[in-house]
Amino acid sequence: MSGDVVDECRDGREDDGERVGRRDDAVRAAVEQGLLGPDAPIVGLLDVKGIRASAAALRRAFEAVAAPGTAILHAFAVKANPLVPVVRLLAEAGLGAEVASAGELALARAAGMPAERTVFDAPAKTEAELREALALGVAVNADNPQELRRLDALVHTGSTTSSPLGIRVNPQVGAGTIGATSTATATSKFGVGLRDEGAREWVVRTFAERPWLTRLHAHIGSQGIPLSLLARGVAETYALAEEINARAGRRQVDTLDIGGGLSVNFASEATEPTYAQYARLLAEVVPGLFDGRYGLVTEFGRSLLARHGTVVARVEYTKSSGGRRIAVTHAGVQVAPRTVYVPGAWPLRIAAYDAKGRPRQGAPVVQDVAGPACFAGDLLAEGRALPPLEQGDLAAALDTGAYYFGSHYSYNSLARPGVYGFAPDGDGGVAFAVVREPQTVAEVVAESGGAHADALTTLRASESR
Ligand SMILES: Cc1ncc(COP(=O)(O)O)c(C=O)c1O
């Protein structure tokens, strides 16, 4: 192996070349096997081999820089792809789960994720949710002083818990390129803002008064946060842990939860940045983080899953308006709300396939790729140069495995598409497994109050009596 190849493997980029081939095979096989067609005009596809490769790259990257024996839990941020089989796949790959709601906690449990590999981080946890987490032994990071008082009460009721407990801090190191995913701004709603007057001293005192607090947590932000800013936030959190431990005269903070936030390169197939780059930067900027004195928790979401998901939608019609060519497809705001509402921040690459699922060839022409929803802005891509899409073709929205089709938006009562995992079948073909059944129209009605059709009319009748 040349030095370059060794480096690539260490960086987790080794899968970049093969991923496209696997995706093309899967689209063709989805058509051949009837998962996609006139009566199933949209699906979400998940590349199981790719997901495993990313999980392995993450583990390798941190193991490469940490002292042997360092306890490292990579807790997948379930919000990025809240599907039970996905969480089970990652559990089997040795990862944990970071959950931010009672629903996500239940999903992680349904996936069989062990409590000791689960971290509960929501900003608005109810008392009952905290009680449940402590009863289960799930790690909890308190977001603010009021939540800490709830933990105080639970800890002091004498109920023993194996839950590691910590506080989420906000190092207030600033924003990245996308405001909505920047959590370390001065006025962020998350955690205890360390630069606010008296806040740092409050945290140090709070740990001194509560020997059961053993963790510090910070998540600096998600897409659009440069590595250097992530590292700065982690460095400040580490420095605070050192201060707490110096004041306590013991290693009270034994674990640092450094959150997730590695950005995904939505502009091309190249994995950039890589977990290895981030881990090496952290080792350079915060060497003490990896010297074996601290256990580590990470909470990556997008960087683990985005690349491995593809929404594939049939082109129902093509038309032209005002000189603009438009392909009207079945993928729009319901599977890609961020891209549709904030296209500048969340552009997606689109791949064109013919009706048989073969990559469409042809000189690119400028066209819009529109969704099925009833507003003009429901566009997956606007003015994009692509091989000309024809009626019955397929448009694939790439890199949608995190925060896209897993998190359906039910505008226009558009049904949730089926999600299928795919993997090579060992015979040169592609095998699929149902991850989530396509939602039926009857289910849409049921979750839209179908069982309560006369609830409002009878209420009015009884009021007027
Ligand atoms: C607390 C916390 N941890 C982890 C994540 C996952 O971030 P990402 O998907 O960018 O890795 C998020 C995302 O919102 C988060 O809020």
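Atoms considered below: every heavy atom in the structure, side chains included; atoms not considered: hydrogens, waters and symmetry mates.
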inquiry  = Tell me if a side-chain donor or acceptor on Gln172 pairs with a main-chain N or O of Ala184 at a distance below 3.5 Å.
reply    = no
note = Smallest heavy-atom separation, Pro359 atom then Asp24 atom, equals CG-OD2, 3.8 Å
inquiry  = Counting C-beta onward and ignoring hydrogens, is there a side-chain heavy-atom pair between Arg28 and Lys356 closer than 4.5 Å?
reply    = no
message = Just so I know, are the side chains of Leu289 and Leu256 near enough to count as touching, which here means a heavy-atom distance under 4.5 Å?
response = yes
key: Side-chain (Asp368) to main-chain (Gly383) donor-acceptor, under 3.5 angstrom   = yes
ask   = In terms of side-chain heavy atoms, does His217 have a donor or acceptor partner in Glu299 at a distance below 3.5 Å?
value = yes
request  = Look at Arg349 together with Glu269 and state whether they make a salt bridge at an N to O cut-off of under 4.0 Å.
outcome  = yes
inquiry  = Within the structure provided, determine whether Tyr317 and Gln391 are in side-chain contact (heavy-atom separation under 4.5 Å).
reply    = yes
ask   = After noting the C-alpha distance and the side-chain angles of Met113 and Val78, does the key distance pass the side chain to side chain contact (heavy atoms under 4.5 Å, CB included) rule?
value = CA-CA 11 Å; Met113 184 62 76; Val78 171; over 6 Å; no
key: Salt bridge Asp291-Arg293, side-chain N to carboxylate O under 4.0 Å   = yes
request  = Say whether, by atom type as modelled, one donor and one acceptor occur between the side chain of Ser303 and the main chain of Val264 under 3.5 angstrom.
outcome  = no
key: Tyr403 vs Lys79, side chain to side chain contact (heavy atoms under 4.5 Å, CB included): CA-CA, chis, key distance, verdict   = CA-CA 7 Å; Tyr403 303 102; Lys79 59 181 82 73; 3.7 Å; yes
Ser182 OG to Gln223 CD distance, which is reported to the nearest 0.5 Å = 10.5 Å
request  = Look at Glu132 together with Lys125 and state whether they make a salt bridge at an N to O cut-off of under 4.0 Å.
outcome  = no
ask   = Between Arg314 and Asp39, does a side chain to side chain contact (heavy atoms under 4.5 Å, CB included) hold up when you go through it step by step?
value = CA-CA 10 Å; Arg314 239 172 96 84; Asp39 297 324; over 6 Å; no
task = Working to the nearest 0.5 Å, report the span between CG of Leu296 and OG1 of Thr255.
result = 8.0 Å
ask   = Does Thr329 use its side chain to pair, donor to acceptor, with the backbone of Ala370 at less than 3.5 Å?
value = yes
Heavy-atom pair with the smallest gap, counting every atom of Leu194 and Pro171 = CD1-CA, 4.2 Å
ask   = Would you find a donor on one side and an acceptor on the other, under 3.5 Å apart, between the side chain of Asn265 and the backbone of Glu272?
value = no
ask   = So, do Glu98 and Asp257 sit near enough that their side-chain heavy atoms are less than 4.5 Å apart?
value = no
query = What pairs of residues pass the ring-ring contact (aromatic ring centres under 6.0 Å, His included) test when at least one of them lies in residues 419-440, not counting sequence neighbours?
reply = none
From CA spacing to verdict: salt bridge (charged side-chain N to carboxylate O under 4.0 Å, His left out), Arg360, Glu390 = CA-CA 10 Å; Arg360 183 161 268 306; Glu390 306 290 348; 5.5 Å; no
inquiry  = As an exercise, state the distance from CZ of Arg168 to OG1 of Thr183, rounded to the nearest 0.5 Å.
reply    = 5.5 Å
request  = In sequence, state the C-alpha distance, the side-chain angles, and the governing distance for His219 and Phe190, and then conclude on ring pair (Phe, Tyr, Trp, His ring centres under 6.0 Å).
outcome  = CA-CA 9 Å; His219 169 71; Phe190 293 106; 7.8 Å; no
message = Main chain of Gly221, side chain of Thr181: is a donor-acceptor contact present, judged purely on distance under 3.5 Å?
response = no
inquiry  = Within the structure provided, determine whether Pro343 and Leu379 are in side-chain contact (heavy-atom separation under 4.5 Å).
reply    = no
ask   = Are the side chain of Arg117 and the backbone of Leu95 linked by a donor-acceptor contact shorter than 3.5 Å?
value = yes
query = Do Asp393 and Thr318 have side-chain heavy atoms sitting under 4.5 Å apart?
reply = no
remark   = Smallest heavy-atom separation, Ser101 atom then Ala122 atom, equals N-CB, 4.2 Å
message = Out of the candidates Arg22, Arg307, Arg23, only one should pair with Asp15 under the salt bridge (charged side-chain N to carboxylate O under 4.0 Å, His left out) rule; please name it.
response = Arg22
message = Has Ser448 got a side-chain atom pairing as donor or acceptor with Val444's backbone, closer than 3.5 angstrom?
response = yes
request  = Kindly compute the distance separating CG (Asp47) from CZ (Arg52), expressed to the nearest 0.5 Å.
outcome  = 10.5 Å
inquiry  = If you compare all heavy atoms of Val333 against all heavy atoms of Ala373, which two are closest, and at what distance to 0.1 Å?
reply    = CG1-CB, 3.8 Å
For Val119 against Ala75, the heavy-atom pair lying closest together = CG2-CB, 4.3 Å
ask   = Nearest heavy-atom pair of Ala415 and His408: which atoms, and what distance?
value = O-CE1, 3.4 Å
query = Looking at OG of Ser163 and CG of Asn141, how far apart are the two atoms once the value is rounded to the nearest 0.5 Å?
reply = 10.5 Å
task = Decide yes or no for Val297 and Arg215: does some side-chain heavy atom of the first lie under 4.5 Å from some side-chain heavy atom of the second?
result = yes
task = First locate atom OG1 of Thr298, then atom OH of Tyr278, and finally report the distance between them rounded to the nearest 0.5 Å.
result = 9.0 Å
query = Is the number of heavy atoms from other residues, nucleotides or ligands under 6.0 Å of Tyr341 OH greater than 12?
reply = yes
request  = Take Ile178 and Arg338, measure what side chain to side chain contact (heavy atoms under 4.5 Å, CB included) needs, and give me the verdict at the end.
outcome  = CA-CA 12 Å; Ile178 304 175; Arg338 289 183 176 182; over 6 Å; no
inquiry  = Treating Tyr275 as the side-chain partner and Leu304 as the backbone partner, does any N or O pair qualify as donor plus acceptor under 3.5 Å?
reply    = yes
request  = Compute whether any side-chain donor of one residue and acceptor of the other, for Tyr404 and Asp399, lie under 3.5 angstrom apart.
outcome  = no
key: Contact check, side chains of Phe375 and Asn412, non-hydrogen atoms, under 4.5 Å   = no
query = Thr400 side chain to Val311 main-chain N or O, any donor-acceptor pair under 3.5 Å?
reply = yes
